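Computed from a predicted model, the values in this text were never measured in an experiment. Computed over heavy atoms, backbone and side chain alike; hydrogens, waters and symmetry mates excluded.
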Amino acid sequence: MRSLADAGETEAMALYGQLLLDGDGVARDERAALGWFTRAAAQHHLMALNMVGRCYDLGWGTPVDKGRAAECYRIAAGRGLDWAMYNYATLLALGDGVAEDKAAALGLFEQVAGGEGLAAPKAANYVGSFAEDGWAGPVDMAKAAHWYARAAAGGDFRGCFNHARLLGAGGRVDEALPWLEQAAKLGNPRFVRQVADWLARSDVPRFATDGLAALRRGQC
């Protein structure tokens, strides 16, 4: 891969950058990863441009620069890359590095959520959150439930939890428990701890008992 990247193969540059970022088969080197992403992005590789944005967004190999991250995402999103749409929408929703525009963020999330890519379930969870909290329009719990269910079915761990949460609130605890178990299987340890704390305080019957048990099963 390094040989192909050195020879100027655009896809190899992007892939080698990802190997360096992950420390997969090579020593982890965030700064070098950013360099390879930048070279690939200069040759119009959209995912590499998105990854340049991620580096500036999260401070991988460079100081955090949310404005620069937003610009990378915006360009790649404008060319149709779903992950860039998702990342740009996240910054728009928060007003992080760009002027806050929740309506524009929702439009992007809905576009991604309606697709077939790997970003779709994560975007679907955001669409559900927008509908539940009324961030860019009236509160619509039926819409929230629909999109949380899609996010859960697609394997988004936050979607699994939100789907379970609404099922439990509707008295459908037995249906909710498998989704809590799935949330624990897919989620990171910090998220699982947060869910456990929420379940312990929940006023939904059986969430503090059967819900926590389901969460523990998912961690096994």
Side-chain angles (χ1 to χ4, degrees), residues 1 4-5 8-22 30-138 140 143-144 146-148 150-151 154-156 158-159:
M1 189 71 70
L4 289 170
E9 182 67 36
T10 307
E11 185 69 18
M13 291 178 188
L15 291 174
Y16 187 57
Q18 192 65 53
L19 293 178
L20 286 165
L21 184 63
D22 295 339
E30 294 177 354
R31 185 175 294 276
L34 174 57
W36 284 109
F37 290 141
T38 301
R39 289 178 64 181
Q43 296 187 27
H44 312 292
H45 192 290
L46 293 184
M47 183 56 81
L49 179 57
N50 177 70
M51 291 307 300
V52 172
R54 291 285 284 168
C55 288
Y56 282 106
D57 194 354
L58 299 174
W60 292 337
T62 184
V64 170
D65 187 335
K66 296 288 187 177
R68 195 163 182 176
E71 185 63 9
C72 292
Y73 294 152
R74 183 190 65 79
I75 294 170
R79 296 176 184 171
L81 182 67
D82 57 352
W83 278 113
M85 293 179 192
Y86 174 85
N87 290 326
Y88 188 47
T90 301
L91 295 187
L92 285 168
L94 298 172
D96 205 355
V98 66
E100 181 181 307
D101 190 338
K102 284 187 166 54
L106 176 58
L108 287 170
F109 283 135
E110 288 179 331
Q111 188 174 345
V112 176
E116 300 295 330
L118 295 176
K122 293 175 71 67
N125 182 66
Y126 262 109
V127 175
S129 293
F130 270 68
E132 181 177 7
D133 296 324
W135 287 339
D140 187 337
K143 181 178 180 181
H146 168 79
W147 285 104
Y148 287 150
R150 284 191 58 162
D156 179 66
R158 292 183 178 86

Looking at every heavy atom in both G17 and A33, which two are closest together, and how far apart are they? O-CB, 3.2 Å

Hey, what do you get for CG (L15) to CZ (F37), rounding to the nearest 0.5 Å? 9.0 Å

Enumerate the side-chain hydrogen bond (donor to acceptor under 3.5 Å, both in side chains) contacts for residues 83-92, please, sequence neighbours excluded, ordered by first and then second residue. N50-N87

With a 4.5 Å limit on heavy-atom distance, are the side chains of K66 and D57 in contact? yes

Under the salt bridge (charged side-chain N to carboxylate O under 4.0 Å, His left out) test, which residues partner R74, sequence neighbours left out? E71

With sequence neighbours excluded, residues passing salt bridge (charged side-chain N to carboxylate O under 4.0 Å, His left out) with D140: none

Could you pull out every donor-acceptor pair under 3.5 Å between side chains of residues 98-110 and any protein atom, sequence neighbours left out?
from	atom 1	to	atom 2	distance (Å)
E100	OE2	K102	NZ	3.0
D101	OD1	A103	N	3.4
D101	OD1	A104	N	3.0
K102	NZ	A93	O	2.9
E110	OE2	K143	NZ	2.9

Going by side chain to side chain contact (heavy atoms under 4.5 Å, CB included), name the residues that satisfy it together with R79, two or more places apart in sequence or in a different chain. H44, L46, I75

Identify the heavy atoms of C55 and L34 that sit nearest to each other, and give their distance. CB-CD1, 3.8 Å

With sequence neighbours excluded, tell me which residues meet salt bridge (charged side-chain N to carboxylate O under 4.0 Å, His left out) with D82. none

Should we count CG of L58 as having more than 12 external heavy atoms under 6.0 Å? yes

Checking A40 now: which residues fulfil side chain to side chain contact (heavy atoms under 4.5 Å, CB included) with it, not counting sequence neighbours? T10, M13, A14, H45, A48

Got a sec, which residues hit side chain to side chain donor-acceptor pair (under 3.5 Å) with S129, two or more places apart in sequence or on another chain? Y148

Identify, with sequence neighbours excluded, every residue that meets side chain to side chain contact (heavy atoms under 4.5 Å, CB included) alongside L4. E9, A12

List for me each residue that meets ring-ring contact (aromatic ring centres under 6.0 Å, His included) alongside W36, sequence neighbours excluded, and say none if there are none. Y16

May I have all residue pairs that pass ring-ring contact (aromatic ring centres under 6.0 Å, His included) and include part of residues 55-82, sequence neighbours excluded? none

Name all residues meeting the side chain to side chain contact (heavy atoms under 4.5 Å, CB included) criterion together with A120; count only those two or more places apart in sequence or in a different chain, and write none if there are none. none

